[in-house]
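Take a look at the structure set out below.
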Amino acid sequence: MNSEKVYAMSFSKIYPLLAAKVQKKGRTLEELDGLIGWLTGYRAEEIRDAVSRSVTYGDFFRNAPEPNPDREKITGVVCGVRVEDVEEPLMREIRYLDKLVDDLAKGKPVEKILPGKTKDMWKCPKCGRTFRHRNQDHYCGEAPATIGEYIGRQPEEVQALLRMVNGTVRKALPDAVEKISWSMPTYWNKRNLIQFAAFKKHIGLYPGPEAVEAFADRLQGYKTSKGAIQLPYDKPLPLELIADIAEWCGKENA
């Protein structure tokens with residue numbers, strides 16, 4: 001495939017393919033996100049944001065916040081080509097990730113996949129997984145099967161807030177299916193309508209770029225990107241706004 005066509009592909013379409021490849025072999029999204037984070041410097045939250053905003057695959061790598069200098073030590077064959085022999089810089093970045101994902105799907109331990117000083121990475125004391133950033137958001141163990149299970153895994157002081165968000169979205173979208181997608185609570189009807197997730201300092205709401213644009217006036221005062229909204233814990237939850245956004249997502253889907 002032409003390089004420019006690869007760069008123009010949506011990351012929201014590429015990520016599920018990468019996820020399916022590793023999950024088919026019994027590996028987890030958290031391990032996949034850990035590799036992506038190691039390579040690019042993106043945190044788990046930022047990866048989800050890139051998926052929700054449908055950034056191009058090329059821009060995902062072009063805008064990587066902190067490319068790991070040790071990535072240049074990645075060697076081996078992927079797609080019939082030696083990674084270290086790829087001359088085009090952007091395509092080489094993509095092949096780096098392809099190689100890491102291939103090794104993960106083959107069952108290699110993460111600490112043996114990553115080159116360089118993996119000893120400097122943070123190791124979660126609960127699950128033993130390694131991450132580039134200290135206290136990086138992740139799930140210890142398997143991803144939750146239901147929204148209720150997801151909420152139950154969060155800190156006690158956050159659970160009540162998540163229940164309010166979930167109840168508000170459920171009431172606004174009574175016909176939508178509740179599920180876990182990309183390890184996040186999701187309301188689905190032929191496609192993902194709206195998602196949310198808990199982070200250290202806020203709840204992330206993911207209604208998509210069109211919804212964020214449609215409610216831009218009412219979202220002043222909240223940190224947003226093209227497809228994500230941050231609801232900080234130190235502010236009252238805007239439940240009416242959340243309900244209106246969720247209802248809008250349902251109507252747009254219809």
Inset, instruction - Give every residue pair that meets the side chain to side chain donor-acceptor pair (under 3.5 Å) criterion with at least one member in residues 228-243, sequence neighbours excluded. - result: Glu45-Gln230

Inset, instruction - Give the C-alpha distance, both sets of side-chain angles, the deciding distance and a yes or no for side chain to side chain contact (heavy atoms under 4.5 Å, CB included) between Phe196 and Ile147. - result: CA-CA 10 Å; Phe196 62 91; Ile147 293 179; 4.2 Å; yes

Legend entry - Point-to-point distance, once rounded to the nearest 0.5 Å, from CG of Asn166 to CG of Leu162: 8.5 Å

Legend entry - Heavy-atom pair of closest approach, residues Leu161 and Leu237: O-CD1, 3.6 Å

Inset, instruction - Applying side chain to side chain contact (heavy atoms under 4.5 Å, CB included), name anything that partners Asp102, two or more places apart in sequence or on another chain. - result: Lys21, Val78

Legend entry - Member of Leu18, Val83, Ile14 meeting the side-chain contact (heavy atoms from CB on, under 4.5 Å) criterion with Leu97: Leu18

Inset, instruction - Supply the members, apart from Val77, of the Ile/Leu/Val/Met/Phe/Trp/Tyr cluster built from side-chain contacts under 4.5 Å; use none for a lone residue. - result: none

Legend entry - Inter-residue atom distance Lys171.NZ - Leu239.CG, 0.5 Å rounding: 10.5 Å

Legend entry - Where Lys73 and Pro115 come nearest, the two heavy atoms and their spacing: CB-CB, 3.8 Å

Inset, instruction - Heavy atoms only: give me the nearest Ala172-Ala246 pair and the separation to one decimal. - result: CB-CB, 3.8 Å

Legend entry - CD on Glu31 to CD on Gln23, rounded to 0.5 Å: 10.5 Å

Inset, instruction - Compute whether any side-chain donor of one residue and acceptor of the other, for Tyr15 and Asp33, lie under 3.5 angstrom apart. - result: yes

Inset, instruction - Check side chain to side chain contact (heavy atoms under 4.5 Å, CB included) between Pro155 and all other residues, then give those that pass, not counting sequence neighbours. - result: Glu157, Val158

Inset, instruction - Output the distance between atom CD (Gln159) and atom CE (Met164), rounded to the nearest 0.5 Å. - result: 12.0 Å

Legend entry - Spacing of Ile194 atom CD1 and Leu205 atom CG [to the nearest 0.5 Å]: 4.0 Å

Legend entry - Under 3.5 Å side-chain donor-acceptor pair for Tyr42 and Arg48: no

Legend entry - CE-CG distance between Met184 and Asn192, expressed to the nearest 0.5 angstrom: 8.0 Å

Legend entry - Residues that Arg92 engages under side-chain hydrogen bond (donor to acceptor under 3.5 Å, both in side chains), provided they are two or more places apart: none

Inset, instruction - With side-chain hydrogen bond (donor to acceptor under 3.5 Å, both in side chains) as the test, would you mind laying out the steps for Thr186 and Gln195 before giving the verdict? - result: CA-CA 4 Å; Thr186 301; Gln195 299 173 286; 2.9 Å; yes

Inset, instruction - Identify whether the distance between the nearest side-chain nitrogen and carboxylate oxygen of Arg218 and Asp244 falls below 4.0 Å. - result: yes

Inset, instruction - Return the set of residues passing salt bridge (charged side-chain N to carboxylate O under 4.0 Å, His left out) with Glu247 (not counting sequence neighbours), or none when no residue passes. - result: Lys251

Legend entry - Any residue meeting side chain to side chain contact (heavy atoms under 4.5 Å, CB included) with Ala214, in chain and number order, not counting sequence neighbours: Trp248

Inset, instruction - Please list, chain by chain and in numerical order, all residues satisfying ring-ring contact (aromatic ring centres under 6.0 Å, His included) with Tyr96, sequence neighbours excluded. - result: none

Legend entry - Under the salt bridge (charged side-chain N to carboxylate O under 4.0 Å, His left out) test, residues paired with Glu46 that sit two or more places apart: none

Legend entry - Residues that Thr168 engages under side-chain hydrogen bond (donor to acceptor under 3.5 Å, both in side chains), provided they are two or more places apart: none

Inset, instruction - Just jot down the side-chain hydrogen bond (donor to acceptor under 3.5 Å, both in side chains) partners of Glu72, sequence neighbours excluded, or say none. - result: none

Legend entry - Ile245 side chain near Val169 side chain, heavy-atom distance below 4.5 Å: no

Inset, instruction - Check side chain to side chain contact (heavy atoms under 4.5 Å, CB included) between Leu90 and all other residues, then give those that pass, not counting sequence neighbours. - result: Tyr7, Phe61, Arg62

